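The structure appears below as structure tokens.
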Amino acid sequence: MTRGHRISIEESDRPVRVVHGGRELARTDRALVLRETGCPVRYYIPPEDVRLDLLTPSATHTYCPFKGTASYWSVPDRADLVWSYPDPKPGVDRIRDHLCFYEADVERD
């Protein structure tokens, strides 16, 4: 890790619900909370708790020097709304295959 850059991952203490365009995309009580220096708090959700039938795989991939290469999914009105790290770097492997949502309403009950 770069000096001063930190990532922590812990289990959420509350249920999490993700809504986009009025449609529920995910609901879980098993979210992981990822806190990273300089980034907003992100909730990573197990795939079993995500409406995968509403997502379409994207050709987009991005690289994070701290987490690895991300794969993306889209919904009809928003490209690359969701991402996941199928092979995360050591130290953040707890988020493997969990999905995270960008620009969606993430609610904690």
Side-chain angles (χ1 to χ4, degrees):
M1 296 244 170
T2 300
R3 177 174 241 166
H5 189 93
R6 302 217 187 290
I7 295 176
S8 68
I9 301 169
E10 60 195 38
E11 294 178 12
S12 177
D13 61 351
R14 294 182 179 171
V16 173
R17 180 175 178 247
V18 179
V19 177
H20 175 78
R23 181 176 269 178
E24 183 176 274
L25 299 179
R27 179 185 291 263
T28 189
D29 59 0
R30 303 180 301 148
L32 297 175
V33 181
L34 186 140
R35 291 180 173 84
E36 181 175 3
T37 302
C39 297
V41 171
R42 298 289 189 192
Y43 294 89
Y44 283 79
I45 299 174
E48 301 83 16
D49 298 341
V50 176
R51 291 284 314 271
L52 298 174
D53 60 310
L54 300 176
L55 307 179
T56 303
S58 165
T60 302
H61 297 284
T62 58
Y63 179 76
C64 170
F66 307 106
K67 294 185 293 289
T69 300
S71 298
Y72 287 77
W73 290 264
S74 301
V75 293
D77 65 339
R78 176 62 167 83
D80 301 335
L81 178 73
V82 184
W83 71 90
S84 176
Y85 291 91
D87 189 24
K89 291 196 169 241
V92 295
D93 51 337
R94 287 183 71 191
I95 64 170
R96 180 180 310 276
D97 294 326
H98 284 55
L99 291 99
C100 191
F101 294 79
Y102 179 72
E103 290 185 0
D105 295 326
V106 177
E107 304 168 357
R108 294 188 320 146
D109 295 334

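We count residues from 1, following the sequence as given. Remember, it's a predicted structure, so these values are computed and weren't measured experimentally.
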Any residue meeting side-chain hydrogen bond (donor to acceptor under 3.5 Å, both in side chains) with Thr60, in chain and number order, not counting sequence neighbours: Ser58, Asp80
Any donor-acceptor pair under 3.5 Å from Arg51 side chain to Ala26 backbone: no
Closest heavy-atom pair and its distance - Tyr43, Val33: CE2-CG2, 3.5 Å
For the student: nearest non-hydrogen atoms of Pro86 and Asp97, plus distance: CA-OD1, 3.4 Å
Glu24 vs Arg17, salt bridge (charged side-chain N to carboxylate O under 4.0 Å, His left out): CA-CA, chis, key distance, verdict: CA-CA 7 Å; Glu24 183 176 274; Arg17 180 175 178 247; 2.6 Å; yes
Heavy-atom side-chain contact between Leu34 and Ile7 under 4.5 Å: yes
Side-chain donor or acceptor of Ser12 paired with backbone N/O of Leu32 under 3.5 Å: no
Nearest-0.5 Å distance, CZ of residue Arg35 to CD of residue Glu10: 4.5 Å
Heavy-atom closest pair, residues Cys64 and Glu36: SG-OE2, 4.3 Å
Minimum heavy-atom distance Pro46-Thr28, with the two atoms named: CD-OG1, 4.0 Å
Exercise: identify the closest heavy-atom pair between His98 and Ser84: O-OG, 3.0 Å
Cationic N near anionic O, under 4.0 Å, Arg27 to Asp49: no
Candidate pair His20 and Phe101, rule ring pair (Phe, Tyr, Trp, His ring centres under 6.0 Å), full reasoning: CA-CA 9 Å; His20 175 78; Phe101 294 79; 9.3 Å; no
Residue Arg23 excluded, over 12 heavy atoms near CZ under 6.0 Å: no
Donor-acceptor contact present, side-chain Thr62 to main-chain Ala70, <3.5 Å: no
ILVMFWY cluster, Tyr63 and Leu99 together (side-chain gap under 4.5 Å): no
Heavy atoms from other residues, nucleotides or ligands near CD of Glu11 exceed 12 (cutoff 6.0 Å): no
